[in-house]
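Written out below as structure tokens is the structure these notes cover.
Residue numbers begin at 1 in each chain, while the letters A, B, ... track the order of the sequences. Keep in mind it's a predicted model, so treat the numbers as computed, not measured.
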Amino acid sequence: MTSRVRFAPSPTGFLHVGSARTALFNWLHARSTGGTFVLRVEDTDAERNRPELTDALLAELEWLGIDWDEGPVFQSARRDRHREVVEDLVGRGLAYLCDADDHPVEGTRLVDGLAVRFRMPAGETVVFNDVVRGEVAFATDDLEDFVVWRSNGNPMFLLANAVDDADMGITHAIRGEDLLSGVPKVLLLLDAMGVPHPTYAHLPLLVNEERKKLSKRRDEVSVGDYRERGFLPEAMVNYLALLGWGPPDDVEIRPLDEIVGLFRIEDVNKAAAFFDIRKLEHINATHLRALSVEEFTDRVTPWVGEAAPWPAENFDSDRFATMAGLVQEKLRTFGDVCSFVDFLFLDDPVDDEESWKKTMVEAPSAVAVLDATAVAFADCPWEAEVLKEAVAAAGAAVDLKLGKAQAPVRVAVTGRTVGPPLFETMAECMERQEVLRRIARARARL
RNA sequence: GCCCCCAUCGUCCAGCGGCCUAGGACGCCGGCCUUUCACGCCGGUAACACGGGUUCGAAUCCCGUUGGGGGUACCA
């Protein structure tokens, strides 16, 4: 039998990184076993359900490259079927009506104002074998009669979940560990319906630095936020795959299709995993460097658009394209790009205080280097190699190697100690007069 | 409170009874390379929670303790 898995998010309007990891592991299992990946939107809570929230969710999945074979199926559209199952349960005495005070009510007709509770059998043990956790057992005596149908005429998610998994032929339910304790109830429902159980695999939770489940309130959990900060989808899924699973050959950074070939749901480990953004950044930077210059330039361009710190009319796409190749290997995320190229499009470079202090105030030779450089730059050929020699000579005159000598020039021209290769940048992207003006501007401040 | 789950470097992953004086990656600390930073390379730091068993032999199996987490809604 070929596997059928499902990702069943509730429509919250954004994709949580934990949900994305769950979706990814389901997808990986489907793709690595030739199975089917079904998308199901669990929107039984009508009050919170809005179509645009689902759209946002699907867009993020698509961005990550997680595609689905069936769906999205909306649970709310299956209400009649859920009701039918509940009525059957009530009819057979396996569930009963109850009022707002939770008092049982005689009768078998589902009416507004009355909820339905499933009758928990006494003295039984529900056992199941979880793919990642092994055998798990619950005593029914520890469980209470639970609501399967709400008094407002909608099914509870446990009921809808059980019915839909059964009807859709789901073979593997792969999801977060926070849902583990709901399993016995679902199993009892499945038994009552007389259908087989899917195989469960409960993934370890993603936690924050306090080892608590990632929360929307205090943690950065939105996949969309990472996208907007300039993370690549291929880096995002690569990192997510590493949370709770590891490749057998220890090669962590690799394309998704390779992971598909290596992934096995039974290799997933049990312990909670900390979402470490520093490692994500490292993986992102590595994927970034692997891009061709053309593709890098193409994909980074949105980050030098509207949000950029310079006047829009100053932007020059040709100069930026030249610069792109020089900064690609230095970025960790696309979001970093402006700080590497802003000096090209700003009327005056930013004056980074730390940089100024270190290379100008605390460097006694700064004045000499700047003056000598200005003289040399005034009428030399405007080529990287020539500019480099000029600064080297200016430095040598005061006993400084090129590394030290270029620092004040770099800060005068770009505003910062950190940036792209200086001489190439000046030769290829800047006018001689502008460079001289900036050197003079810095000189005037000393 | 009750139920369930978890426990290897700061972090993620490897280890599934002997190959472990515990391996890889991120981070961190040195060094090299170098026009800054970054990249790359070299080296270093750092862990089997504790206590009992089982076994010739345990990070690996069992029990307990401690610690952490999740669940306990007419949310999903």
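- Two residues, A/Val136 and A/Glu144, neighbour RNA chain B, and the one matched to the more 5' nucleotide by heavy-atom proximity is A/Val136.
- A sub-4.0 Å separation between OP1 or OP2 of B/C74 and a side-chain N or O of A/Asn154 is absent.
- Below 30°, between 30° and 60°, or above 60°: for A/His16 and A/Phe14 the angle between ring planes is between 30° and 60°, a tilted geometry.
- Annotation: cation-pi geometry not satisfied between A/Arg299 and A/Phe296 (NZ/CZ under 6.0 angstrom from ring centroid, within 45° of ring axis).
- Taking the six-membered ring wherever Trp is involved, the centroid distance between the rings of A/Phe345 and A/Phe340 does not fall below 6.0 Å.
- Residue A/Ala272 is classed as a sugar-phosphate contact, given heavy-atom separations below 4.0 Å to backbone atoms only.
- A distance of about 10 Å separates the C1' atoms of B/A7 and B/C48, rounded to the whole Å.
- Taking atom P in both B/C4 and B/C9, one finds a spacing of 27 Å when rounded to whole Å.
- The listed nucleotides are B/C74, B/U36, B/G27; the one nearest the side chain of A/Val147 is B/C74.
- Within 4.0 Å of A/Phe138, counting heavy atoms only, lie sugar-phosphate atoms of the nucleic acid but no base atom.
- The residue A/Leu179 sits close to a base: some heavy atom pair falls under 4.0 Å.
- Remark: A/Arg6 fails to qualify as a cation-pi partner of A/Trp68 under the 6.0 Å distance and 45° angle criteria applied to the six-membered ring.
- At a cut-off of 3.5 angstrom, counting only N and O atoms as typed in the model, there is no donor on one side facing an acceptor on the other between the side-chain of A/Ser181 and the base of B/C4.
- Heavy atoms of A/Asn269 sit under 4.0 angstrom from primed sugar atoms or phosphate atoms, though from no base atom.
- Nucleotide B/G51 forms a pair with B/C63, judged by Watson-Crick or G-U wobble geometry with both contacts under 3.5 Å.
- Under the Watson-Crick or G-U wobble criterion, with both distances below 3.5 Å, B/G23 is paired with B/C13.
- Residue A/Gly176 is out of contact with every strand shown, counting any heavy-atom pair closer than 4.0 Å.
- In this structure, A/Leu422 reaches the bases: a heavy-atom distance under 4.0 Å links it to at least one base atom across the strands shown.
- Within 4.0 Å (heavy atoms only), A/Arg410 reaches at least one base atom of the nucleic acid.
- The gap from the P atom of B/A59 to that of B/G53 amounts to 15 Å, rounded to the nearest Å.
- Taking the six-membered ring where the residue is Trp, A/Trp245 and A/Phe263 present tilted rings, their angle falling between 30° and 60°.
- Of the residues in residues 385-401 of chain A, those lying under 4.0 Å from RNA chain B by heavy-atom distance are A/Lys388.
- Residue-level contact check: A/Glu329 touches the bases, meaning some heavy atom is under 4.0 Å from a base atom.
- Counting non-hydrogen atoms under 4.0 angstrom, A/Trp149 reaches nothing in the nucleic acid.
- Using a 4.5 Å heavy-atom cutoff, the side chains of A/Val148 and A/Phe146 are in contact.
- Between A/Arg211 and B/G70, a side-chain N or O to OP1/OP2 separation shorter than 4.0 Å is absent.
- Considering only the side chain of A/Asp178, B/G71 comes nearest among B/C39, B/C74, B/G71.
- Near RNA chain B, meaning a heavy atom under 4.0 Å from it, residues 79-89 of chain A has no residue at all.
- Within 3.5 Å, a donor on the side chain of A/Lys330 pairs with an acceptor on the base of B/U36, or the reverse.
- Here A/Asp99 lies in heavy-atom contact (under 4.0 Å) with a base.
- Heavy atoms of A/Ala100 sit under 4.0 angstrom from at least one base atom.
- Within the structure, every side-chain polar atom (N or O) of A/Arg254 is placed at least 4.0 Å from both OP1 and OP2 of B/A25.
- As judged by a 4.0 angstrom heavy-atom cut-off over every strand, A/Arg416 is placed among residues making no nucleic acid contact.
- Counting distance only, with no hydrogens placed and no angle test, the side-chain atoms of A/Glu424 and the base atoms of B/U35 include a donor-acceptor pair under 3.5 Å.
- Of the possible polar contacts, one joining the A/Thr140 side chain to the A/Glu124 backbone as a donor-acceptor pair under 3.5 Å is found.
- Nucleotides B/U45 and B/A25 have their P atoms positioned 15 Å apart, rounded to a whole Å.
- Between the A/Asp145 side chain and the A/Met120 main chain, a donor and an acceptor come within less than 3.5 Å of each other.
- Checked against the 6.0 Å centroid threshold, A/Tyr96 and A/Phe118 do not count as a close aromatic pair.
- One can find a donor-acceptor pair under 3.5 Å joining the base of B/A25 and the side-chain atoms of A/Lys279.
- If you check every strand for non-hydrogen atoms under 4.0 Å, A/Phe423 touches a base.
- A salt bridge does not link A/Glu177 to A/Lys213: none of the charged side-chain nitrogens sits closer than 4.0 Å to a carboxylate oxygen.
- Among the heavy atoms of the strands, none lies under 4.0 Å from A/Pro248.
- Side chain A/Glu177 to base B/G71: no donor-acceptor pair is found below 3.5 Å.
- Atom C1' of B/G64 sits at a distance of 27 Å from the matching atom of B/C20, rounded to the whole Å.
- Between A/Arg332 and B/G27 there is a side-chain polar atom (N or O) within less than 4.0 angstrom of OP1 or OP2.
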The test is side-chain hydrogen bond (donor to acceptor under 3.5 Å, both in side chains); show your working for A/Asn154 and A/Thr44 and say whether it passes.
CA-CA 7 Å; A/Asn154 282 305; A/Thr44 54; over 6 Å; no

